[in-house]
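Some notes on the structure that comes next.
Throughout, a chain's letter reflects where its sequence line sits, starting with A, and its residues are numbered from 1. Values below: all heavy atoms of this structure, side chains included; hydrogens, waters and symmetry mates excluded. Quick caveat: nothing in here was measured; it's all calculated off a predicted structure.
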Number of protein chains: 2
Amino acid sequence: MTDRLLPSSKALTIATEVRRRIVDREWRQGDRIPDEAALAVEFGVARATVNKALQLLADEGLLDRKRRAGTHVTINPARKATFTIPIVREQIEAAGMVYSHRVVAQKIRPAPAEIAARMGEPEGAAMIHLRTVHFGDAKPFQLEDRWINPRAAPGVEAVDFQRNNPNEWLVRNYPWLRGQLAFSAENADARDARLLETRQGTALLILQRTTWNDLGAITSVRLAFHPGYCMVAIP
Amino acid sequence: MTDRLLPSSKALTIATEVRRRIVDREWRQGDRIPDEAALAVEFGVARATVNKALQLLADEGLLDRKRRAGTHVTINPARKATFTIPIVREQIEAAGMVYSHRVVAQKIRPAPAEIAARMGEPEGAAMIHLRTVHFGDAKPFQLEDRWINPRAAPGVEAVDFQRNNPNEWLVRNYPWLRGQLAFSAENADARDARLLETRQGTALLILQRTTWNDLGAITSVRLAFHPGYCMVAIP
DNA sequence: GATTTTTCTATGTCTAAACTTAATCAAATT
DNA sequence: AATTTGATTAAGTTTAGACATAGAAAAATC
């Protein structure tokens, strides 16, 4: 009943035990907990091992650690959630559906003001503009509206995106250094509705993402998910 | 031009340099990179330091590491994004607005099927149901629809949620062990629209969250943000 | 009393060395 | 040919010890 899983390393065992003490309120919010040296003695391990365990909990947001001041249980634990940015095809195939995609527009165009600003590129800079629909079992799953900066991704002009999913090609060929990501909700406009085969005005989950490498902004994309889609994170 | 920031530790310096080699395509996707011992020699540090740096990049999703097989650059880097689950009051105050909240409903009620299932509690179990509107400068910012399980959070029945923001009280008093979090989009229904002072049908960003501790599900909440709200994550 | 300086301590980081473990490859066996 | 066994390798983990450093507390100064 006490141990649920077997955290195979000493550091994880200690982290789990300390987490339990916090959740079970043996150590209350704001309390100072024993220092690393003391816990090392208690658990019969080296201080470095305790350090690793407590760092983990500090990363989780459960502990506040300061030199000399010691380690305290966070008062207002603004915990973090991470989620993996999904690759559409894998996502669809993981759900047991057959993946396909259709590029409905591909054109080299000057970047409109809003996109250029988001990417930090001059307004009107030539970019590749792509609109793609991703299908699961022939039902529209996701609508992708993407701008690609050929100056940050040399060679991209020559890619046939009918065959290569643009996201996958970029991710495989141009890893990014820095990214920005935002969720929002929008009412489907006429085009969204037509491509996602839904009614205008339907609420859509929107994921807006821009990525950069050493050469500048690689790409900026707006993903509109099919109505009812739910994006799950693991905290 | 080369170093943008000063990663004050050797491990971070190495991680930054390895990340650069990947982004600059000196080490391509799928390539095997030199082993820890070799990198330790190259950078003039102990192997443990290289290990720490490479673990960091593996956590980021840039590297795949396997015993005996070595370290490879991830072929399809499904990178992760983390975002801190915000505390409404802090979020509103950080934006320079004045925070206030109003509990529009508070009642002990049997949990409806959907909520009970989500929380893993028996259908019809007595729970505290709360509906709260959070305001920034007197404008509705977020609508909170929360179910609290008094069996996992003893003492919650006695709390005056008119004075204590329910989220903050829970977070401060009952840290959770496990959580579930999902984003979606919904068209505002009549009540959403009235409480958020918008029109029915407007697309709303919905955040659904459930948390557990040793005793079971603590709370399950549906947060509806004001129209146009954007939830930003860091890499 | 207010400010600056010094001291001291708990965490942060690193090292060198050892041991553990998963997985690969090759050799031996069925 | 297929399977088992065993050696080897590279990452995973831990340890003891050391030094660095932030920053709280105490001491010294103004």
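- Under a 4.0 Å N-O distance rule, the pair B:Lys80/B:Glu60 does not qualify as a salt bridge.
- Ring planes of A:Tyr99 and A:His101: parallel class, angle under 30° (limits at 30 and 60°).
- Looking at A:Asp59 and A:Gln55, their side chains never bring a donor and an acceptor atom within 3.5 Å of each other.
- For the pair A:Glu36 CD and C:dG12 C1', the computed distance is 8 Å after rounding to whole Å.
- Remark: the A:Thr82 side chain and the B:Thr82 side chain contain no N/O donor-acceptor pair separated by less than 3.5 Å.
- Residues from residues 64-73 of chain B with heavy atoms under 4.0 angstrom of DNA chain D, sorted by number: B:Arg65, B:Lys66, B:Arg67, B:Arg68, B:Gly70, B:Thr71.
- Atom CG in B:Leu63 sits roughly 15 Å away from atom C1' in D:dG12 (whole-Å rounding).
- Taking the six-membered ring for Trp and thresholds of 30 and 60 degrees, A:Tyr174 and A:Trp169 have ring planes inclined between 30 and 60 degrees apart.
- Salt-bridge check for A:Glu114 with A:Arg222: failed, with every basic side-chain N at 4.0 Å or more from each acidic carboxylate O.
- Side-chain contact, A:Glu144 with A:His134: a donor N or O sits under 3.5 Å from an acceptor N or O.
- At the heavy-atom level, A:Ala11 lies under 4.0 Å from the strands shown only through sugar-phosphate atoms.
- Contact check of residues 41-62 of chain B against DNA chain D (heavy atom, cut-off under 4.0 Å) returns B:Arg47, B:Asn51, B:Gln55.
- When only modelled atom types and interatomic distance are considered, A:Arg102 and A:Thr132 share no side-chain donor-acceptor pair under 3.5 Å.
- Rounded to a whole Å, the CZ atom of A:Arg32 is 9 Å from the C1' atom of C:dT9.
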